[in-house]
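The first residue in the sequence is number 1, and the count goes up from there.
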Amino acid sequence: MHALATRLRRLPPSCGPVRLIGIDGHAGSGKTTFAGRLAAALDDAPVLHLDDIATHEELFDWTGRLLAQVIEPLRRGETARYLPYDWHARSFGAPRPLPPAPVVLVEGVGAGRRALRPYLARLLWLEVPNEEAWTRGRSRDGEEQREFWAGWVAAERRHFAEDPSRPSADLLVQQRPEGYEVLPGPAGTAGSTLFLTHGNGPSAVC
């Protein structure tokens, strides 16, 4: 994981002083877990979870709020303060700070959407087929979320049909039993494949 972190640190800033890294993929593909491990390798880089930006009424219609609350402040080199959504209370919480760190991760379905791509230093796509990812997500969330998932799947299909992220991905991330494999994506230039282990040892780069 440190090999990928080093590669990302060397990128030029893309949003003011920030190297904004998008991590996209289907719901249930493992974006949050991967982002957490990558953030740790980046010395606890801030992570913005798009689950905190989306709402029941706006599963994907949150671009304006994200640009105003997060992107514009970071472009100015200021600490962003966004209102995280509480999915149980169905209301927004107190402002949460997001500092203009050298690298900031944005993870969630839609992190690579067209409106955000100009501000991204790199876009990573979790390479898991949609049906497999959705099965994982349903199993994770349990029976009580079955109705929500039915609506979500339909909304996600519409979103990616209108605004696909994968074709613009710089890197594709595939989970392996021993860790992750990071491959050049459809929009990336030819480069090395990274094998990122879950353990504490060094990553193998070839």
Side-chain angles (χ1 to χ4, degrees), residues 1-25 29-54 60 62-84 95-127 159 163-173 180-196 202-203 205:
M1 195 65 72
H2 292 284
L4 177 59
T6 297
R7 180 184 289 187
L8 298 178
R9 284 194 188 98
R10 291 173 177 167
L11 295 171
S14 59
C15 183
V18 175
R19 294 153 186 83
L20 200 63
I21 307 300
I23 301 175
D24 206 338
S29 61
K31 298 179 298 300
T32 302
T33 298
F34 178 78
R37 290 173 173 155
L38 180 56
L42 288 161
D43 300 321
D44 295 322
V47 181
L48 175 66
H49 303 284
L50 291 179
D51 282 352
D52 289 335
I53 302 297
F60 290 100
W62 38 257
T63 304
R65 189 164 60 254
L66 179 64
L67 291 174
Q69 295 184 6
V70 176
I71 299 299
E72 288 305 321
L74 293 182
R75 285 184 66 189
R76 297 191 297 267
E78 301 171 1
T79 295
R81 300 186 187 280
Y82 64 97
L83 303 178
R96 184 176 296 172
L98 184 72
V103 181
V104 174
L105 307 181
V106 178
E107 74 83 15
V109 182
R113 61 174 37 188
R114 189 177 300 111
L116 298 184
R117 289 198 288 269
Y119 307 103
L120 298 179
R122 283 293 182 272
L123 173 58
L124 283 61
W125 174 269
L126 268 290
E127 188 78 332
H159 167 69
D163 191 356
S165 297
R166 189 184 183 280
S168 299
D170 300 291
L171 299 169
L172 301 179
V173 180
Y180 295 96
E181 183 178 17
V182 181
L183 304 165
T189 57
S192 299
T193 296
L194 302 180
F195 294 96
L196 313 176
S203 302
V205 184

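The two residues Ala5 and Ala41 have their closest heavy-atom pair at CB-O, 3.7 Å. What you find for Gly22 and Ala111 is that their closest heavy atoms are CA-CB, 4.3 Å. Of all non-hydrogen atoms in Ala121 and Pro12, the two that sit nearest each other are CB-O, 4.2 Å.
Residue Ile23 holds its CD1 atom at 9.5 Å from NE2 of His49, rounded to the nearest 0.5 Å. In this structure, Thr6 OG1 and Leu42 CG are separated by 8.5 Å, a value rounded to the nearest 0.5 Å. Taking CZ of Arg114 as the start and OG1 of Thr63 as the end, the distance is 10.0 Å to the nearest 0.5 Å. The distance from atom CZ of Arg75 to atom OG of Ser14, rounded to the nearest 0.5 Å, is 11.0 Å. Between His2 atom NE2 and Leu38 atom CG the span is 10.0 Å, to the nearest 0.5 Å. One finds the CG atom of Leu48 at 9.0 Å from the CG atom of Leu74 (value rounded to the nearest 0.5 Å).
For Pro84, the side chain to side chain contact (heavy atoms under 4.5 Å, CB included) partners two or more places apart in sequence, or in a different chain, are Asp52, Tyr82, Arg96. Applying the side chain to side chain donor-acceptor pair (under 3.5 Å) criterion to Glu127, with sequence neighbours excluded, gives Trp125, Arg166. Residues satisfying the ring-ring contact (aromatic ring centres under 6.0 Å, His included) test with His159, not counting sequence neighbours, are Phe60. Applying the side chain to side chain contact (heavy atoms under 4.5 Å, CB included) rule to Pro97 yields the partners Thr79, Arg81; only residues at least two apart in sequence or on another chain are considered. Residues forming a salt bridge (charged side-chain N to carboxylate O under 4.0 Å, His left out) with Arg19 (at least two apart in sequence, or on another chain): none. Residues satisfying the salt bridge (charged side-chain N to carboxylate O under 4.0 Å, His left out) test with Asp43, not counting sequence neighbours, are Arg9.
Each side chain to side chain donor-acceptor pair (under 3.5 Å) pair with one or both residues in residues 115-124, not counting sequence neighbours, appears once here: Arg117-Ser168.
Not one N or O on the side chain of Glu107 forms a donor-acceptor pair closer than 3.5 Å with the backbone of Val47. Side-chain atoms of Asp24 do not come within 3.5 Å of backbone N or O of Ser165 as any donor-acceptor pair. No donor-acceptor distance shorter than 3.5 angstrom exists from the side chain of Asp170 to the backbone of Gly185, with no hydrogens or angles considered. A distance-only check finds no donor-acceptor pair linking the side chain of Asp163 to the backbone of Arg113 [under 3.5 Å].
You'll find the side chain of Leu83 reaches within 4.5 Å of the side chain of Pro95, heavy atoms only. For the pair Leu50 and Val106, the minimum side-chain heavy-atom distance is below 4.5 Å. No side-chain heavy atom of Leu124 sits under 4.5 Å from any side-chain heavy atom of Leu126.
For the pairing with Leu116, the side-chain contact (heavy atoms from CB on, under 4.5 Å) check across Leu20, Val70, Leu66 returns one residue only, Leu66.
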